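So you know, we letter chains A, B, ... as the sequences are listed, proteins then strands, and number each from 1. On a predicted model such as this, the values are computed, not experimentally measured, just so you know.
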6 protein chains.
Amino acid sequence: MSRILVINPNSNDAVTAGLDQALAPLRLAGGPVIDCIGLAEGPHGIETQAHIETVALPLARLVAEEEPRTDAFVIACYGDPGIHVCREATKKPVFGIAESGVLTALSRGERFGVIAISGKSIRRHLRYLRQLALDVRLAGERPLDMSVAESASGADTLERMIAVGTDLRDRDGADVVIMGCAGMAKHRAPLEDALGIPVIDPTQAAVTLAMGAIVFSAAHSG
Amino acid sequence: MSRILVINPNSNDAVTAGLDQALAPLRLAGGPVIDCIGLAEGPHGIETQAHIETVALPLARLVAEEEPRTDAFVIACYGDPGIHVCREATKKPVFGIAESGVLTALSRGERFGVIAISGKSIRRHLRYLRQLALDVRLAGERPLDMSVAESASGADTLERMIAVGTDLRDRDGADVVIMGCAGMAKHRAPLEDALGIPVIDPTQAAVTLAMGAIVFSAAHSG
Amino acid sequence: MSRILVINPNSNDAVTAGLDQALAPLRLAGGPVIDCIGLAEGPHGIETQAHIETVALPLARLVAEEEPRTDAFVIACYGDPGIHVCREATKKPVFGIAESGVLTALSRGERFGVIAISGKSIRRHLRYLRQLALDVRLAGERPLDMSVAESASGADTLERMIAVGTDLRDRDGADVVIMGCAGMAKHRAPLEDALGIPVIDPTQAAVTLAMGAIVFSAAHSG
Amino acid sequence: MSRILVINPNSNDAVTAGLDQALAPLRLAGGPVIDCIGLAEGPHGIETQAHIETVALPLARLVAEEEPRTDAFVIACYGDPGIHVCREATKKPVFGIAESGVLTALSRGERFGVIAISGKSIRRHLRYLRQLALDVRLAGERPLDMSVAESASGADTLERMIAVGTDLRDRDGADVVIMGCAGMAKHRAPLEDALGIPVIDPTQAAVTLAMGAIVFSAAHSG
Amino acid sequence: MSRILVINPNSNDAVTAGLDQALAPLRLAGGPVIDCIGLAEGPHGIETQAHIETVALPLARLVAEEEPRTDAFVIACYGDPGIHVCREATKKPVFGIAESGVLTALSRGERFGVIAISGKSIRRHLRYLRQLALDVRLAGERPLDMSVAESASGADTLERMIAVGTDLRDRDGADVVIMGCAGMAKHRAPLEDALGIPVIDPTQAAVTLAMGAIVFSAAHSG
Amino acid sequence: MSRILVINPNSNDAVTAGLDQALAPLRLAGGPVIDCIGLAEGPHGIETQAHIETVALPLARLVAEEEPRTDAFVIACYGDPGIHVCREATKKPVFGIAESGVLTALSRGERFGVIAISGKSIRRHLRYLRQLALDVRLAGERPLDMSVAESASGADTLERMIAVGTDLRDRDGADVVIMGCAGMAKHRAPLEDALGIPVIDPTQAAVTLAMGAIVFSAAHSG
């Protein structure tokens, strides 16, 4: 029985529970177990570069500890904190949700837009896209201008996402949109309906890629 | 019950059967049905640009016909023949295995290598990579210099793939390798063992992405 | 006596006649014959990806048939349908008018703008520019938002082209403009006068390149 | 009667005479007059950056003087000396043979190779290709390692060009080759025969583009 | 005692004096002498391509003459006239202020903006950025729309620079700004205070790089 | 009196002392104080991604603590560990030696080569160059294949550097070379003499840029 471990790098249990729920459709009989855990040492939300650095080594330690009973890892924060050190810590594949979200978006449209939680993260995201050499087909990134807390709880989060997604589609020319945060999965389907173009939840994208990376190997070695 | 339709654009039933077998690990209880069919109008193998053009419209017609009972399509020829006209023919997502193989490889390594069947297809593949804006992280592409028939039947195909893969890894600097053909799936695991770096079967990659594109929507609308 | 064959991939005789007329200035004594023909199997206008695919193989067959009495071919539809399969079908050079128009524009300005017939083709054109690795100096592409029929007959086509060209020049920074359609040649000179920057008719550009490709070889072998 | 003026920026009359002869096939009844002149102030050959700078202003002065009786200019030195100041000096189009050679090569193959006279010019050519944003499809550039004088007179120039062109084709993957010098036109056809891929003479390419730039306007205003 | 020679390629003594004053903070006991001279043959201001060409060879002659008593050269005109011919004329390092300004800006921010004197120079600057392969992180360039004379004397130059710098920061997303002219140094600090992001004077940037290029070698050979 | 603080992120005092000595030529009367300190929490050498992550937060804390008495910071490890979190921790400029080394090299040559300590770091360096969008002019990177300890002490380090530098120059086409490590400064001058092209010590490059960033502001506010 193979296992995918999804690690929410913050210590916000509500976010972890939300991830867990969002991944239910990929839990299939005979398929990999998908576990979601938070990072006890993590901050309540990851909003700064310092937050990103804070979680990198704890993530790598957790990955090393869990390796014997895990076949693939997902780091569930849009920004892929610690991705390189986690990859160094294990022979098993490690997926970041930002990287996975962009790669998946590129299979669904010509040019992708990104909905960011806050404007401050956009410069960081662009830098990361350049590192991945995946910036050419970026249509644009626009912020919700909400805190993580607001975006999680607020009743008008979906409304705001539709407004931002509409700008990405109509002003920037995006024909696929990525929700640039780990905690927005429940809005994916209604946002997609409202915009009329594919909307990618990056955690679902990463877990899908993780599944593909292990089911065929498991079949081979099983 | 959702369904992924994998279309082998050639009329070689052995290839279709091989695809079918290679995808078995993704057939999970409760998950999408994965059907593989060949294209009656297709040539025995797709080796030229004329072959590619020959199958484009028949693929689009097949996609349009199958749309009512299909949730996602995969065009299973490395070269993604007819991908744009198929996407125009349906609202359902359509995945090409070349595009999917490259995107998946980018989640597994810094720079990807490609094993091509024949040297003649390499120029075409490079052109397509530029179109996708995914050429920056290409380490190199090298041919097996075998016909499709030889590569399918030949006892020494794996040996030749290991030699070519070793060159991609050691001379070109690839840390992940894509098998640039629809009919090589059975060699994936032994090739990966021999090279010690991830090896991507592009059809498995595409069907995985297709699964991710539909299971979450199905859950939403179900 | 060498010969350039210009093939209008649609079956609209008025467009073919317009091409024929637009190329008259290149018909010089002692120079190549320039013939223009339509494609009987072609649609009345090429507006979709399906139209593009429909004409690819008929174009290749026509090219193969005409090869013995032709020295260079021009595919006269902005989108270069079938260009790769036509090149595979003959040893003689084959020019697409989109590719030729962009290359010629790059010899006349720093950044080029494109006037498209319809907004739907722009995404396709951008994809093609990436494939050619000629997208860096694109200033922008803007649509006329007219049907091919309207643009051909409408009295206010030139007026609309001037408005769109002005936006390309003043908002997007283009210093050369390509008319992104095979049927606009008669508007080239007045549009150029109105904008004050070079305007490229892509069919004239392609036939010019074709002429250069053959007159020197003809001199050599003659 | 329209006129193209080809300026050889050096004072070597043999080179000017060679250009004149190489362009004969484009002198057609009813077409533009094509005149070739040398630059009295120019050095015997252009081999250094100082040579390039030496000719820039004299070229611009000549262009300004000849403007009233000229419709298009060609600067016939691979390196396009003074191209920007010449363009500033006239409203008429000015073509550089390096730029024109590359643009024309891109219409004939996927990746172009360049045969340089000397290794010292290669770094300069690469810098210029980056400026033009036309470097992506460069397969490679290799030197003859001959002086301009040697390459002009030497009996074994063609032999050496075939050797270098073969390396460009077989080691670098070029499927079209540019002769990176103004004085090699007589070798174009035999080199093309030997290599089996298109060979571009850049002066012929530039004069062709110049012809295209004026014959249609002349027809309009005539 | 090592020496940096800063050459103002125009003959405007007020500009030369301004450069001299702006560099005072880098004149440190034990460090290199920093001399500023104008170019007698230069125009009063460099505003056209012809101006640029006019100064190239005189600059190279001056560099060659001064080489025996100079350790590094700076060409102090944003546009780097004659940079390549000057580098050819000496073994000593030669710095252009445009190149140095951009490189220095890239050490201070993610995306740089440029304040140009006039709109006419922007196209030239962009071409040069492409040549340097440093255009990817350009946020934008905007003109003051003043003559060199106005910008030097005008009381409202700073006010206008703040307005343009604010647009670069807020509309184009620049987080560092380069003053695209040799004569603006006195505005650097107040502009930086007003914008709240780093502002680069390109001459100061070039002289700094020149200092780094020689002090360590001088220590070695001294 | 302004101050530049150079932080060696490892705890190897010999390396810190070497940096201190290498920077002596920039300590000029009236200029900034240049202090070098090690990081007590750092590993003995930085060779893995885990080492990089280990020092990021301690570096940021040190930067925050030293900010009141520091005007510019330099992180002296080729790999720029913690650069983004340090920049977030202070308003003062922070320079990484890898970034500074590359920017400085781009002012001295057309294409730069990098001498890496070990082959394992090369992939990381390339990723970083892509992030900086400074990879286009990379000629190549080649390893010494020595441990940090060996390279520091070994008598044959210089000999090995000359061999690697020669390959970068002759095989890869580099005309400027960066020593990709903080501890090689003493080899800079002899290596430059041996290769005949500029050799950049990245720490010296970064401290030079730091000096330029503060001396002009200090003059303004002083």
Side-chain angles (χ1 to χ4, degrees), chain C residues 2 22-32 84 87 91 93-96 99-100 102-111 131-138 185-186 188-190 192-193 196 198-201 204-222, chain D residues 2 22-32 84 87 91 93-96 99-100 102-111 132-138 176 185-186 188-190 192-193 196 198-201 204-222:
Chain C
S2 59
L23 297 168
L26 266 189
R27 291 194 179 100
L28 300 170
H84 299 301
R87 284 176 175 164
K91 291 265 181 194
V94 179
F95 297 88
E99 183 179 65
S100 299
V102 173
L103 293 170
T104 298
L106 290 172
S107 74
R108 300 297 302 280
E110 276 291 316
R111 301 178 70 224
Q131 184 193 101
L132 297 171
L134 295 176
D135 51 328
V136 173
R137 287 165 61 190
L138 173 69
K186 69 180 169 189
R188 199 198 66 76
E192 189 169 275
D193 290 345
V199 172
I200 307 297
D201 175 73
Q204 292 174 339
V207 176
T208 300
L209 286 169
M211 190 163 167
I214 63 176
V215 293
F216 300 105
S217 297
H220 168 65
S221 56
Chain D
S2 60
L23 297 168
L26 267 189
R27 291 194 179 101
L28 300 171
H84 298 301
R87 284 174 174 164
K91 291 264 181 194
V94 180
F95 297 87
E99 182 179 65
S100 300
V102 173
L103 293 170
T104 299
L106 291 172
S107 74
R108 301 297 301 281
E110 275 292 316
R111 300 179 70 224
L132 296 172
L134 295 176
D135 52 328
V136 173
R137 287 165 61 190
L138 173 69
V176 58
K186 69 181 168 188
R188 199 198 65 76
E192 188 169 276
D193 289 345
V199 173
I200 307 297
D201 175 74
Q204 293 174 338
V207 176
T208 300
L209 286 169
M211 191 164 166
I214 63 177
V215 294
F216 300 105
S217 297
H220 167 65
S221 57

- Given a strict heavy-atom distance threshold of 4.5 Å, which part of D/Ala213 is in contact with chain C: side chain, backbone, both, or neither? both

- CZ of C/Phe95 to CE of C/Met211: how many Å apart, nearest 0.5 Å? 12.5 Å

- Query: Where on D/Leu132 is there a heavy atom nearer than 4.5 Å to chain C: the side chain, the backbone, both, or neither?
  - Reply: both

- Can you tell which part of D/Ser100 gets under 4.5 Å to a heavy atom of chain C, answering side chain, backbone, both or neither? neither

- Query: Can you name the residues that form a side chain to side chain contact (heavy atoms under 4.5 Å, CB included) with C/Arg87, not counting sequence neighbours?
  - Reply: C/Ile83, C/Val94, C/Glu99

- Message: How close do C/Pro25 and D/Phe216 get, counting heavy atoms only, and between which atoms?
- Response: CG-CD2, 3.8 Å

- Message: Quick check: do D/Leu106 and D/Arg137 have side-chain heavy atoms less than 4.5 Å from each other?
- Response: yes

